[in-house]
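Numbers here simply count residues along the sequence, with the first being 1.
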Amino acid sequence: MQGLYFITDSNFSRNGVINDVQIALECGVKYIQYREKNLCHNKMYENALKIVSLCNEYNANCIINDRIAVAREAKAHGIHIGQDDMPIDNARKLCPEVSMIGISTHSISQAIAAEKKGADYIGFGPVFSTSTKKIKIPPLGLTKLKDVINRVNIPVVAIGGIKISNLPEISNCSCKSAVLISDLIGHEDLKERILFCNKRLKGEISCE
């Protein structure tokens with residue numbers, strides 16, 4: 001897992017979620033997480049079908065956040081769950097068709113446990129202070145991010161407060177995948193931002 005891990009956010013979108021996904025895929029992003037907390041099942045399923053279809057067209061992966069029924073019915077490529085959701089093995093039983101399951105982690109012990117339980121990748125954060133999600137966990141910092149990367153053998157996706165300004169610090173931690181939300185989706189030139197972030201995380205360009 002390398003490059004920008006793109007999470008949709010209808011609150012910041014200027015173009016609409018489906019258009020955002022299209023732009024991300026055109027820019028070479030291979031991991032799209034469709035996240036909506038407040039949509040009803042039917043509307044989320046409708047959008048998920050479109051996103052899965054687009055991802056198939058671009059040989060990318062559509063990962064559904066939390067909503068396992070939506071992931072199963074839309075034939076998504078993966079699901080992402082949190083620490084307070086169901087265990088990984090239960091999620092895999094309920095949605096055996098998915099090729100990957102990711103889980104949010106907030107400590108080294110959680111990251112190690114996630115790998116042992118069969119997670120295909122982990123999200124680790126918040127690395128920096130963030131206002132995108134209402135969580136009570138303080139920023140974990142770059143040192144803990146480095147420690148987690150060194151302690152697990154599955155991909156680590158950095159998340160939480162990551163912006164263009166601190167992206168060099170993330171990539172300098174040998175972190176190959178990260179999430180930017182407010183500083184990415186809310187930007188007037190989404191395509192330019194995605195191209196830059198994706199190439200930077202892949203080591204194709206420098207932030208110098």
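A donor-acceptor pair shorter than 3.5 Å cannot be found between the side chains of N59 and K30. Using modelled atom types, one finds no donor on one side chain facing an acceptor on the other under 3.5 Å when comparing T105 with Q83.
What you find for V156 and L145 is that their closest heavy atoms are CG1-CD1, 4.1 Å. Closest heavy-atom contact between A111 and V148: CB-CG1, 3.9 Å. Contact detail for V52 and A76: the closest heavy-atom pair is CG2-CA, 3.8 Å. Pairing each heavy atom of I194 with each of A24, the nearest pair is CD1-CA, 3.8 Å. The two residues I79 and A71 have their closest heavy-atom pair at CG2-CB, 3.1 Å. In this structure, D120 and I154 approach most closely via the heavy-atom pair O-CB, 3.7 Å.
The environment of CG in N38 is sparse: at most 12 heavy-atom neighbours from other residues, nucleotides or ligands sit within 6.0 Å. Around the NZ atom of K163, the shell of radius 6.0 Å holds more than 12 heavy atoms that belong to other residues, nucleotides or ligands. More than 12 heavy-atom neighbours from other residues, nucleotides or ligands sit within 6.0 angstrom of NZ on K202.
Rounding to the nearest 0.5 angstrom, the gap separating the CD1 atom in I51 from the CG atom in N56 is 12.0 Å. Taking CD from E192 and SG from C27, the interatomic distance works out to 10.5 Å, rounded to the nearest 0.5 Å. For the atom pair NZ (K144) and SG (C173), the distance works out to 14.0 Å, reported to the nearest 0.5 Å. Rounding to the nearest 0.5 Å gives a distance of 10.5 Å between CG of L39 and CG of N42. With values rounded to the nearest 0.5 angstrom, I112 atom CD1 is found 4.0 Å from R151 atom CZ. Rounded to the nearest 0.5 angstrom, L49 CG and L54 CG are separated by 11.0 Å.
Within the structure, salt bridge (charged side-chain N to carboxylate O under 4.0 Å, His left out) contacts touching residues 166-187 (residues at least two apart or in different chains) are D183-R193. Each ring-ring contact (aromatic ring centres under 6.0 Å, His included) pair with one or both residues in residues 24-63, not counting sequence neighbours, would appear here, but there are none.
In this structure the side chain of E36 reaches within 4.5 angstrom of the side chain of V17, judged on heavy atoms. Counting only heavy atoms from C-beta outward, the side chains of P126 and I137 approach each other to under 4.5 Å. For the pair C175/I149, a side-chain contact is recorded, criterion being any heavy-atom separation below 4.5 Å from C-beta on. With a 4.5 Å cut-off on side-chain heavy atoms, D89 and K117 do not count as touching. Counting heavy atoms from C-beta outward, N47 and V70 have side chains that stay 4.5 Å or more apart. Side-chain atoms of V98 and R72, non-hydrogen and from C-beta on, never get closer than 4.5 Å to each other. Counting heavy atoms from C-beta on, the side chains of I7 and I159 come closer than 4.5 Å. Looking at R200 and E204, their side chains never come closer than 4.5 Å, going by heavy atoms from C-beta outward.
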| request: Just do the side-chain contact (heavy atoms from CB on, under 4.5 Å) check on V21 and E26 with the steps written out, would you? | output: CA-CA 9 Å; V21 169; E26 289 175 354; over 6 Å; no
| request: I would like to know whether L184 and F6 meet side-chain contact (heavy atoms from CB on, under 4.5 Å); could you show each step before the answer? | output: CA-CA 9 Å; L184 181 73; F6 188 89; 3.9 Å; yes
| message | Working note: T8 + I185, criterion side-chain contact (heavy atoms from CB on, under 4.5 Å); need CA distance, chi angles, decisive distance, verdict. | response | CA-CA 8 Å; T8 68; I185 298 175; 5.6 Å; no
| Criterion side-chain contact (heavy atoms from CB on, under 4.5 Å) on I122 and E115, from CA distance to verdict | CA-CA 8 Å; I122 60 169; E115 181 176 31; over 6 Å; no
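Using a cutoff of 4.0 Å between basic side-chain nitrogens and carboxylate oxygens, K191 and D20 are not scored as salt-bridged. A salt bridge does not link D66 to R35: none of the charged side-chain nitrogens sits closer than 4.0 Å to a carboxylate oxygen.
A donor-acceptor pair is defined here as one N or O able to donate and one able to accept, closer than 3.5 Å; such a pair exists between the side chain of S177 and the backbone of G3. Within the 3.5 Å criterion, the main-chain N or O of L195 finds no donor-acceptor partner in the side chain of N198. With hydrogens and angles disregarded, a donor-acceptor distance shorter than 3.5 Å links the side chain of Q110 to the backbone of H106. A donor-acceptor contact shorter than 3.5 Å links the side chain of N172 to the backbone of P168. Between the side chain of N166 and the backbone N or O of F128, no donor-acceptor pair lies under 3.5 Å. Listed for the N61 side chain is no donor-acceptor partner under 3.5 Å among the backbone atoms of H77.
Side-chain heavy atoms closer than 4.5 Å link hydrophobic residues (I, L, V, M, F, W, Y) into clusters, and following such links, possibly through other members, connects I170 to V179.
Take Y121 and apply the ring pair (Phe, Tyr, Trp, His ring centres under 6.0 Å) test, not counting sequence neighbours, and it matches Y5, H80.
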